[in-house]
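Notes follow once the structure below has been shown.
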Amino acid sequence: MGFAYTDLSVDRDDLRDDVLTGLAASPKSIPPKYFYDEAGCRLFEAICAQPEYVLCRTEQSLMAAHLPDIAAALGPVDCIIEPGAGDCVKVRRLLDTLHPANLVVMDIAGAPLAAAAEPLSRDYPALAVTALGMDFIHDLEAATPYLPAGRRLVYYPGSSIGNFAPDEASALLARFRQLASAQGQLLIGFDLKKDPQRLHAAYNDAAGVTAAFNLNLLARLNRELGADFDLTRFRHYAFYNPVAGRIEMHLVSLAEQDIHIAGQRVHFALGETLHTEHSYKFRGDEFSALAQIAGWTLKAAWEHDGFAVQLYG
Ligand SMILES: C[S@@+](CC[C@H](N)C(=O)[O-])C[C@H]1O[C@@H](n2cnc3c(N)ncnc32)[C@H](O)[C@@H]1O
């Protein structure tokens, strides 16, 4: 049925403005959505293949084992919508089973998304594939004109919801509720609270791929904003904070130093941190409370080896 790609990223200087705002804050921080330039997308795929980062493989096993139950609980679906679809691998399993007429995928990394989504229209000739290059945090609603009528399923796997603080997660889930419309459903995968040593290991892989992913953010700022970060003077530092229930990912300055970026000078004290990501972990009941606040009703839930998939209507 074909493939269409539309770039909905408004021509604004978001990266520059957000980064300068984040570097002026205390503590310094940069939103995790900026990890995903082309190199960042490739590094994220490599993280998923690391032995310590079992999250992706566990979710795939869960989906494979429970797919008949999930399909039965879902009923007919006309359109699957996947925000932050990345390499578009996970949705294939749903396409094989649910046979929707339409797939709408969105990602802030527009070019890699288009490259990943286009083959889907060849592999599923009856499927209409729409790829939208967009920042859904900024303007999820811009996708509405591209959504066909019928029963919609918002699919949000990979524990991407964990990158949002609980109040932000609830607000995003409420926007998904609007996007799905009255008969719509939400199938969402998230990482469960578990042994902190296992969580710690997942974000500190021995091959250093997560470290390279984190440091690539600075390389991106050097490439795109003409910054002069010396990557050897910052250390990837990730740990599980059990009080907050989240992995915290930082880049810690190994020296007192000044960096220059977009015509400004930014000072780092020795040991000062640039915070780059939170990855919240939930109990099943904690998560369903957040989804309920957002207007969703839990229909079914599956858990496997520390990972959960929940279905909402
Ligand atoms: C952790 S990856 C998950 C990819 C895929 N859904 C999976 O489960 O394997 C997060 C994806 O969301 C995208 N993303 C992050 N923030 C975004 C935003 N604000 N708007 C659109 N896409 C975003 C990233 O580019 C990346 O492809």
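In listed order, ligands and their atoms are each counted from 1.
- Ion pairing between a basic and an acidic side chain is recognised when a charged N comes within 4.0 Å of a carboxylate O; Asp123 and Arg92 show such pairing.
- In this structure, atom 25 (O) of ligand 1 lies nearest to the protein heavy atom Asp107 OD1, 2.5 Å.
- Under a 3.5 Å cut-off, the side chain of Asp205 and the backbone N or O of Glu52 do not form any donor-acceptor pair.
- Regarding atom 8 (O) of ligand 1, its nearest protein heavy-atom neighbour is Lys90 NZ, 2.8 Å.
- For the pair Asp87 and Lys90, the salt-bridge criterion is not met [side-chain N within less than 4.0 Å of a carboxylate O].
- Nearest heavy atoms, Gly284 versus Gln310: O-NE2, 3.3 Å.
- The protein atom (non-hydrogen) at minimum distance from atom 14 (N) of ligand 1 is Ile108 CG2, 3.9 Å.
- Within ligand 1, the atoms closer than 4.0 Å to a non-hydrogen atom of Gly86 are 27 (O), numbered from 1 in the order shown.
- Using modelled atom types, one side-chain atom of Gln185 and one backbone atom of Leu74 make a donor-acceptor pair closer than 3.5 Å.
- In terms of N/O distances under 3.5 Å, ligand 1 is not approached by Asp87.
- Nearest to atom 4 (C) of ligand 1 by heavy atom, out of Gly158, Cys48, Gly84, is Gly84.
- Atoms of ligand 1 lying under 4.0 Å from at least one heavy atom of Asp135, given by number and element, are 18 (C), 19 (N), 20 (N).
- For ligand 1, the atoms closer than 4.0 angstrom to any heavy atom of Ile137 are 19 (N).
- For atom 16 (N) of ligand 1, the closest non-hydrogen atom on the protein side is Lys33 CB, 3.5 Å.
- With salt bridges taken as basic N to acidic carboxylate O contacts below 4.0 Å, none links Glu224 and Arg16.
- For Arg57 and Glu59, the salt-bridge test fails: no basic side-chain N is under 4.0 Å from an acidic carboxylate O.
- Listed by atom number, the atoms of ligand 1 under 4.0 Å from Glu82 heavy atoms are 6 (N).
- Near Ser160, the atoms of ligand 1 lying under 4.0 angstrom from a non-hydrogen atom of the residue are 1 (C), 3 (C), 10 (C).
- Side-chain contact between His250 and His236 is absent, with no heavy-atom pair separated by less than 4.5 Å.
- Residue Phe136 approaches ligand 1 through these ligand atoms, each under 4.0 Å from one of its heavy atoms: 17 (C), 18 (C), 19 (N), 20 (N), 21 (C), 22 (N), 23 (C).
- Ionic pairing of Asp78 and Arg151 is not present here: no N-O contact between side-chain nitrogen and carboxylate oxygen is shorter than 4.0 angstrom.
- Contacts between Phe35 and ligand 1, counted as non-hydrogen atom pairs separated by less than 4.0 Å, are absent for every part of the residue.
- Close contacts of ligand 1 with Met134, meaning ligand atoms under 4.0 Å from a residue heavy atom, involve 20 (N), 21 (C).
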